[in-house]
Participant: 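Sharing a structure, written as structure tokens. Questions coming.
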2 protein chains.
Amino acid sequence: MRITAKADYAVRAAAVLAAAVPGVPVKGEAIATAQHIPLNFLENILRELRRAGIVRTQRGADGGYLLAVGPETVTVADVIRAVEGPLAEIQGERPEQLHYDGAATALADVWIALRANIRSILENVTLGDIARGQLPESVQMLVDDPDSWKARIR
Amino acid sequence: MRITAKADYAVRAAAVLAAAVPGVPVKGEAIATAQHIPLNFLENILRELRRAGIVRTQRGADGGYLLAVGPETVTVADVIRAVEGPLAEIQGERPEQLHYDGAATALADVWIALRANIRSILENVTLGDIARGQLPESVQMLVDDPDSWKARIR
DNA sequence: ATGATCTCAACAAATTTAGTTGACAAAGTG
DNA sequence: CACTTTGTCAACTAAATTTGTTGAGATCAT
Ligand code: FES
Ligand code: FES
């Protein structure tokens, strides 16, 4: 259950673009220094975001990277899925297509619920939210009181 | 964001022990064949669970593995943390101790909320729940309606 | 044309994952 | 006691993934 450097870099770079003045390209090097990301690695990542339709690019002098769409329409989940695969995998497979037997049968449902809860965060936060520094209320509540779930219902 | 084979195996093995008749050791080979886990790898894992105090062992003929504590007192999170480190890491660090700048400042809170939501599943499901095949109501609701979060509150 | 910038394929070091091997220790059985 | 069964442990390894780097080229504005 770890977020890789690549995914973290991707979201940070996308947040920089979301915060930039619209229509003006941001240079790769500007993003790299602002977020302390190795430039070459960052360019690999930005190219993948471009292929996914999240970023668009402008070559030549005064070139750089821009968001291809509105900051409020791109979620963190979109960015992560563009550079890694699906959000939540078990042994490299999607939760649905693994099969559990005997005492572990119910484990499949645990992984499905886990993925649903991961998505409830990552698909609910947009690049605009991060750039503005204001997260959705349902997410901010979890930050303010991370132990709220401790009331166990059965 | 992936669950490794090791973590998956660990929970499955622990679920088998939770389902076994209390006080009677289960042989490593029995767990391995029941859950299709390579025996040697499984033994590595069970030894880590023993060091974590989740499992206890009995050597010799009629030996095997037993839960060291009640199935209802061990959560999936406990098992995963015993064989991997912390539940949620960003670039190998805990969400608190990473520093974000500029447009990405709010990203730290996103990771914190993400971890809180991961814990709300994994710390709420016990080995007993899995062995009995009955998950807590709050978890089961997510399985039945994985898209319930789609109502976005801001 | 020229210099700045993105594009892409290929390479590679470090780390993690997913095991395997083999010698050994303890517990029971005859 | 000898012997078999079973867990213990350290060391080793192969493959995949992560985290980059290198260098040659394509494209754009001026
Ligand atoms: S075939 Fe289902 S776990 Fe073995
Ligand atoms: S289907 Fe394969 S072990 Fe059950």
Side-chain angles (χ1 to χ4, degrees), chain A residues 1-13 17 23-33 35-52 54-68 80 83-86 89-93 98, chain B residues 1-13 16-17 20 24-33 35-68 80 83-86 89-93 98:
Chain A
M1 278 283 94
R2 72 180 290 190
I3 299 287
T4 63
K6 188 178 186 183
D8 183 56
Y9 290 164
V11 179
R12 280 154 64 185
L17 298 182
V24 178
V26 182
K27 292 194 203 315
E29 196 174 4
I31 304 172
T33 61
Q35 293 293 327
H36 304 117
I37 303 172
L39 177 57
N40 295 306
F41 194 22
L42 175 65
E43 287 178 337
N44 288 342
I45 292 166
L46 285 168
R47 207 164 336 113
E48 293 185 59
L49 293 183
R50 198 202 77 161
R51 291 200 199 99
I54 294 171
V55 158
R56 90 189 147 82
T57 58
Q58 172 78 32
R59 303 225 265 205
D62 291 337
Y65 299 89
L66 306 87
L67 273 196
I80 293 180
V83 297
E84 310 189 316
E89 291 184 316
I90 281 77
Q91 300 201 46
E93 300 287 329
L98 26 81
Chain B
M1 279 282 92
R2 72 180 289 194
I3 299 287
T4 62
K6 187 179 184 180
D8 183 56
Y9 290 164
V11 179
R12 280 156 63 186
V16 170
L17 297 182
V24 178
V26 182
K27 292 193 204 314
E29 197 175 2
I31 303 172
T33 61
Q35 294 291 327
H36 301 125
I37 304 173
L39 176 58
N40 295 306
F41 194 23
L42 175 66
E43 286 178 337
N44 288 343
I45 292 167
L46 285 168
R47 207 167 332 116
E48 292 185 59
L49 292 182
R50 198 201 73 159
R51 290 198 199 99
I54 295 172
V55 157
R56 92 188 146 81
T57 56
Q58 171 77 30
R59 303 227 262 205
D62 290 338
Y65 298 89
L66 305 87
L67 274 195
I80 293 179
V83 297
E84 311 189 316
E89 292 185 316
I90 282 78
Q91 301 200 45
E93 299 289 327
L98 21 85

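The chains referred to below are lettered A, B, ... by the order of the sequence lines, with proteins before strands, and numbering in each begins at 1.
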Participant: Could you tell me the separation between the CD1 atom of I3(B) and the CD1 atom of I80(B), rounded to the nearest 0.5 Å?
Facilitator: 4.5 Å

Participant: Quick check: on DNA chain C, is the nucleotide nearest L39(B) upstream (toward 5') of the one nearest E84(B), or the reverse? Name the residue that is more 5'.
Facilitator: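 The residue mapped nearer the 5' terminus is E84(B).
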
Participant: Please lay out, stage by stage, how L17(B) and I54(B) fare under the test side-chain contact (heavy atoms from CB on, under 4.5 Å).
Facilitator: CA-CA 10 Å; L17(B) 297 182; I54(B) 295 172; over 6 Å; no

Participant: Please say whether more than 12 non-hydrogen atoms of neighbouring residues, nucleotides or ligands are located less than 6.0 Å from CD in Q91(B).
Facilitator: yes

Participant: Please pick, from dT30(D), dT21(D), dG7(D), the nucleotide with the shortest atom-to-atom distance to any side-chain atom of D62(A).
Facilitator: dT30(D)

Participant: Which nucleotide in the list dA18(C), dG20(D), dT7(C) gets nearest to the side chain of P38(A)?
Facilitator: dG20(D)

Participant: Classify the side chain of N44(A) versus the base of dT21(D) as yes if they form a donor-acceptor pair under 3.5 Å and no if they do not.
Facilitator: yes

Participant: Decide, yes or no, whether a salt bridge links K6(B) with E48(B) under the criterion of side-chain N to carboxylate O below 4.0 Å.
Facilitator: yes

Participant: Are any of R50(A)'s side-chain N or O atoms less than 4.0 Å away from OP1 or OP2 of dT7(C)?
Facilitator: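 So the side chain of R50(A) is within the cut-off, an N or O lying under 4.0 Å from OP1 or OP2 of dT7(C).
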
Participant: Reading DNA chain D from 5' onward, which residue's closest nucleotide shows up sooner: A61(A) or A7(A)?
Facilitator: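 Of the two residues, A7(A) wins.
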
Participant: Quick check on DNA chain C: between G64(A) and F41(B), whose nearest nucleotide comes earlier from the 5' end?
Facilitator: G64(A)

Participant: How long is the line joining CZ of R47(A) and P of dA26(D), in whole Å?
Facilitator: 15 Å

Participant: Do the side-chain N or O atoms of K6(B) get closer than 4.0 angstrom to the phosphate oxygens (OP1, OP2) of dA18(C)?
Facilitator: no

Participant: Tell me: CZ of R59(A) to P of dT30(D), nearest whole Å?
Facilitator: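 It works out to 17 Å between those atoms.
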
Participant: Got M1(A) and E89(B) here, is their nearest side-chain heavy-atom distance under 4.5 Å?
Facilitator: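 Contact flag for M1(A)/E89(B) side chains = no.
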
Participant: Between L42(A) (CG) and dG20(D) (P), how many Å, whole number?
Facilitator: 11 Å

Participant: Of the candidate nucleotides dG19(C), dT5(C), dG7(D), which contains the atom at the shortest distance from the side chain of Y9(B)?
Facilitator: dG19(C)

Participant: Out of dG7(D), dT19(D), dC6(C), which nucleotide sits closest to the side chain of T4(A)?
Facilitator: dT19(D)

Participant: dT18(D) C1' sits how many Å from D8(A) CG, rounded?
Facilitator: 14 Å

Participant: Whole angstrom is fine here: how far is it from CD1 in I45(B) over to P in dT17(C)?
Facilitator: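 Distance, rounded to whole Å: 12 Å.
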
Participant: Within this structure, what is the NE2-to-C1' distance between H36(B) and dG19(C), rounded to whole angstrom?
Facilitator: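 Rounding to the nearest Å, NE2 of H36(B) and C1' of dG19(C) are 18 Å apart.
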
Participant: Using a heavy-atom cut-off of 4.0 Å across all strands, would you classify Q58(B) as base, sugar-phosphate, or nothing?
Facilitator: sugar-phosphate

Participant: Consider the side chain of R2(A), meaning its heavy atoms from C-beta on, and name the nucleotide among dG7(D), dA18(C), dT16(C) that approaches it most closely.
Facilitator: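 Within the option list, the nearest is dT16(C).
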
Participant: Name the closest nucleotide to the T57(B) side chain, picking from dT8(D), dA10(D), dT19(D).
Facilitator: dT8(D)

Participant: Output the rounded distance in Å from CD (E29(B)) to P (dT6(D)).
Facilitator: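 After rounding, the gap between these two atoms is 8 Å.
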
